[in-house]
Amino acid sequence: MSITASTRPRTRTESAPGERHAAPESRVAPHNIDAEQGLLASCLLENGGDILNECLAAKLRSEYFHRPAHQIIFEALMALNEKSVPPDEILVCNKLKDLGQLDIVGGHAYIYELTSRIQTTVHAKHWMQIVREKFFLRQLIRTSQWTVEQAHGVGQGSVPELLNHVESEFFKIQQDTISESAEPISKSVDLASAMVSKMLDRKGEISGVPSGFTDLDRLTFGFHPSEMIVVAARPSMGKTSIALNMAEHASIPLPRETRVPAPTLVFSLEMAAEQLAMRLLCSHARVDMHKLKDGFCDRQRELIDSAKLLKQAPLWIDASANLNILEMRAKARRLHTRHKLGLVIIDYMQLVTSAGNYNSREQEVAEVSRGIKAMAKELNVPVIVLCQLNRESEKEKRAPRLSDLRESGSIEQDADVVLLLSKPKESRGRDEQEPEDQIAIKLELIIAKNRNGPIGDVALTFNKRLTRFENFTGQAS
């Protein structure tokens, strides 16, 4: 028996005993024009093709937009994207003109008005989420209204059929809201088998991005995709120096190495880009930066050679101040689409802000930590993040531990590897400073957490004149 609508629908004021009055029929369907405009503007601006691909991954279709003009514009954008044409205002206008729909959407003026609405595409994902949610609410309302009408006119024996149809309609909505993320185990096993084969072929060689420190790489086998690596220490212990040494080694292989360089992005929230470049240049050329500032240098040839090498290296520095985690992820994502990154370094976590408002700094740092881990998984690259330690280890004159990570216990939960930079055991209880004429000092890198390997201590040599960490040999260099 077929389901038919009631021949006499109830009026707006009519209701059954005990029922609440239905919502006015003139109520506006859920929508957010600002979010629709923001999303379309993001697609039109630089790197819009990547945002359109994210829309495709989220199953976004033209009907998700409430305003008909926006549906037409989105279809034009997708048509260009299918042909691998990066969209912009001119190309979209031409496409709409060819389809005879330019005047329908408001002409050139409205297309250019869209792009003037926003300054950055950093919030594109949030606008896309709003557009999706409003569409699903409209779908729920339509399906619910249809169900009410059908229920009023259903005949005897048709209830199971109606229930089945309603269940099917709601299930369709639910399917659209959930992205497909589960994979058959066969795919994961194939990937794991490929990793095993690589390990056997390498015969003990590191499989990830090397740090440049032999003992550390022996325990971690390098830094691997999707890993969040925390390097923590007290102030002035050399966090930035060791991070720059890792960036240098990742992006500039040694002459004896056959590996390809790992494109590296460094976010520096504390130092200017030229300051980091100066430290990298002097460290690589093994030039004493203090003497150089006084005008003395006997390694000018080495400086020139190092400058040439660094200029060719796949290394980027972003020294923007006051970055929040969403902006940082957007910048990394944009660079990753152009130059497939192999490593990201953040200096340092406590200077990164969150995009929301939190009641405590601990909650904000926890949100930043989750965002960094999410960035590592999204880009499928290792992310090294520098972090401050609290004063407890200094007060108690002991080795630092995981609980000393400053401001948030969630950092140790999110991190795959935690490296704590410390004075060696024999000098922890001493308050005196190292002699001024001591060029190289011994420091320890404590592997306090290693999700996929052993923990332990790694001895390193820190050359104060070169601000450079090197493998420990027991001799001053």
Side-chain angles (χ1 to χ4, degrees), residues 194-195 198-199 201-229 231 239-268 271 273-287 301-319 328 331-347 372 375-386 416-417 419 460 466-471:
M195 290 174 64
K198 268 187 184 178
M199 291 177 182
D201 291 340
R202 290 175 179 267
K203 299 187 184 300
E205 293 181 15
I206 63 171
S207 55
V209 177
S211 67
F213 306 115
T214 306
D215 292 336
L216 177 60
D217 290 335
R218 179 175 53 82
L219 292 173
T220 62
F221 285 92
F223 302 136
H224 298 87
S226 300
E227 284 186 343
M228 173 180 168
I229 301 101
V231 179
K239 293 189 299 295
T240 301
S241 295
I242 197 169
L244 288 179
N245 295 156
M246 291 176 176
E248 175 194 324
H249 192 76
S251 58
I252 307 175
L254 295 173
R256 66 175 181 271
E257 294 179 322
T258 57
R259 65 180 177 88
V260 295
T264 302
L265 169 62
V266 178
F267 286 105
S268 175
M271 297 177 65
E274 58 269 21
Q275 292 176 319
L276 290 182
M278 174 67 79
R279 290 181 66 165
L280 272 169
L281 182 60
C282 292
S283 175
H284 189 270
R286 306 189 68 82
V287 170
R301 181 72 256 173
E302 287 80 358
L303 275 174
I304 294 172
D305 292 340
S306 293
K308 289 180 180 178
L309 197 61
L310 283 168
K311 286 176 71 174
Q312 296 172 356
L315 180 61
W316 294 266
I317 297 175
D318 189 318
M328 187 174 287
K331 288 187 173 193
R333 189 187 304 119
R334 178 176 297 182
L335 185 60
H336 186 63
T337 57
R338 299 174 183 171
H339 312 275
K340 190 171 178 59
L341 292 174
L343 179 66
V344 175
I345 297 176
I346 301 171
D347 181 13
I372 292 171
M375 176 169 66
K377 293 183 70 175
E378 178 188 356
L379 302 182
N380 197 34
V381 300
V383 176
I384 299 174
V385 55
L386 308 188
D416 297 280
V417 179
L419 308 174
L460 297 176
L466 306 180
T467 61
R468 184 179 184 86
F469 282 87
E470 296 171 328
N471 292 308

May I ask you to test the Ser226-Asn380 pair for a side-chain heavy-atom distance under 4.5 Å?
-> yes
Validation row: Thr240, Leu276 side chains within 4.5 angstrom (heavy atoms) = yes
Hey, are Ser211 and Asp217 close enough side-chain-wise for a donor-acceptor pair under 3.5 Å?
-> yes
How many angstroms lie between CD1 in Ile242 and CG in Leu419, if you round to the nearest 0.5 Å?
-> 7.5 Å
For Val344 and Leu341, work out which heavy atoms get closest and say how close.
-> CG2-CD1, 4.0 Å
With rounding to the nearest 0.5 Å, note down the distance linking CD1 in Ile229 to CD1 in Ile372.
-> 11.5 Å
Between CD1 on residue Ile252 and CG on residue Leu280, distance to nearest 0.5 Å | 7.5 Å
Would you give the length of the straight line joining atom OG1 of Thr214 to atom CD of Glu470, rounded to the nearest 0.5 angstrom?
-> 11.5 Å
Distance in Å, Met228 CE paired with Lys377 NZ, rounded so as to fall on 0.5 Å steps = 13.0 Å
With sequence neighbours excluded, what pairs up with Arg468 under the side chain to side chain donor-acceptor pair (under 3.5 Å) test?
-> Glu248, Ser283
If you take all heavy atoms of Pro261 and Pro314, which pair is closest and at what distance?
-> CB-CG, 3.9 Å
What one should report as the nearest heavy-atom pair of Arg333 and Leu379 is CA-CD2, 3.9 Å
Could you go step by step and tell me if Met375 and Val385 meet the side chain to side chain contact (heavy atoms under 4.5 Å, CB included) rule?
-> CA-CA 12 Å; Met375 176 169 66; Val385 55; over 6 Å; no
Nearest heavy-atom approach of His224 to Pro382 is O-CB, 3.3 Å
Correct closest heavy-atom pair for Asn471 and Gly212 would be ND2-O, 3.8 Å
Qualifying residues under side chain to side chain donor-acceptor pair (under 3.5 Å), relative to His336, sequence neighbours excluded | none
Gap separating the NZ atom of Lys331 from the CZ atom of Phe267, nearest 0.5 angstrom | 7.0 Å
Should we count CE of Met278 as having more than 12 external heavy atoms under 6.0 Å?
-> no
Please tell me if the side chains of Arg279 and Ser241 come closer than 4.5 Å, counting only heavy atoms from C-beta onward.
-> yes
Please name all residues satisfying ring-ring contact (aromatic ring centres under 6.0 Å, His included) with Phe469, sequence neighbours left out, ordered by chain then number.
-> Phe462
Among Leu386, Ile384, Leu265, Val383, whose side chain to side chain contact (heavy atoms under 4.5 Å, CB included) with Ile346 holds?
-> Val383
Closest heavy-atom pair and its distance - Leu310, Leu281 = CD1-CA, 3.7 Å
